[in-house]
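Structure first, then comments.
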Amino acid sequence: QVQLVESGGGLVQAGGSLRLSCAASGSIFSIGAMGWYRQAPGKRELIATITNSGSTVYADSVKGRFTISRDNGKNTVYLQMNSLKPEDTAVYYCNAVRDYLTWGQGTQVTVSS
């Protein structure tokens, strides 16, 4: 099965930016729509999705600040995060939108005020 490895998280001040990457061990084109999720204590939230054709959808909480993209040739999905807020603090994961793959380890994003 395709494995997912997230990276790029870290500690950043409010208003800062981070770019997350999600590298897949197999074809993301064959998977189809991919998404970024985040897990804060007690809650997992789907925050951005992207189809193979590049159509994107964002949760209201990140709209206008985050941008999802994908490179099918590199089997990688990205999340550009700008204007970060303390409430964005969470562990970030990528996965398929349907028919979940095994979850990766995620990458921690911590935003200080």
Side-chain angles (χ1 to χ4, degrees):
Q1 192 183 33
V2 174
Q3 295 182 325
L4 303 168
V5 179
E6 300 90 351
S7 62
L11 173 63
V12 64
Q13 289 188 331
S17 299
L18 286 172
R19 188 192 194 208
L20 306 184
S21 298
C22 169
S25 62
S27 170
I28 62 171
F29 178 83
S30 63
I31 294 170
M34 295 290 294
W36 279 98
Y37 302 75
R38 65 186 181 187
Q39 175 95 45
K43 182 176 84 168
R44 176 173 286 171
E45 178 185 18
L46 174 60
I47 58 171
T49 66
I50 185 168
T51 66
N52 274 327
S53 63
S55 295
T56 57
V57 178
Y58 297 93
D60 288 343
S61 57
V62 306
K63 198 174 295 182
R65 300 187 298 122
F66 291 9
T67 303
I68 187 172
S69 60
R70 65 192 290 162
D71 185 334
N72 287 347
K74 295 182 179 179
N75 293 317
T76 302
V77 184
Y78 303 97
L79 186 68
Q80 178 67 44
M81 305 188 297
N82 298 329
S83 302
L84 282 161
K85 304 175 181 180
E87 52 263 44
D88 294 319
T89 295
V91 180
Y92 285 71
Y93 302 86
C94 71
N95 211 317
V97 173
R98 298 184 179 87
D99 300 327
Y100 292 153
L101 304 169
T102 300
W103 293 90
Q105 84 287 351
T107 187
Q108 175 71 48
V109 172
T110 303
V111 184
S112 63
S113 56

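We number each residue from 1, following the sequence as shown.
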Going by heavy atoms in the side chains, are V12 and M81 under 4.5 Å from each other?
-> no

Side chains of E6 and L20: does their closest heavy-atom pair fall under 4.5 Å?
->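 They are not in side-chain contact.
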
Is the count of non-hydrogen atoms from other residues, nucleotides or ligands lying under 6.0 Å from E45 atom CD greater than 12?
->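 Buried by this count: over 12 neighbours within 6.0 Å.
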
So which pairs with a foot in residues 46-113 pass disulfide (SG to SG under 2.5 Å), sequence neighbours left out?
-> C22-C94

Out of curiosity, does [Y] fall in the hydrophobic cluster containing [X] (side-chain heavy atoms, cut-off under 4.5 Å, transitive links)?
X	Y	value
Y93	V77	no
Y78	F29	no
I68	L84	yes
Y37	I47	no
V5	W103	no

Check the pair Q105, V91 against side chain to side chain contact (heavy atoms under 4.5 Å, CB included), reporting the backbone distance first and the verdict last.
-> CA-CA 9 Å; Q105 84 287 351; V91 180; over 6 Å; no

Quick one: pull up [atom1] in [X] and [atom2] in [Y] and give me the separation to the nearest 0.5 Å.
X	Y	atom1	atom2	result
W36	F66	CH2	CZ	11.0 Å
N82	T67	CG	OG1	6.5 Å
R70	T56	CZ	OG1	11.5 Å
T49	M34	OG1	CE	11.0 Å
I31	N52	CD1	CG	9.5 Å

Hey, are K85 and D88 close enough for a salt bridge, meaning a charged N less than 4.0 Å from a carboxylate O?
-> no

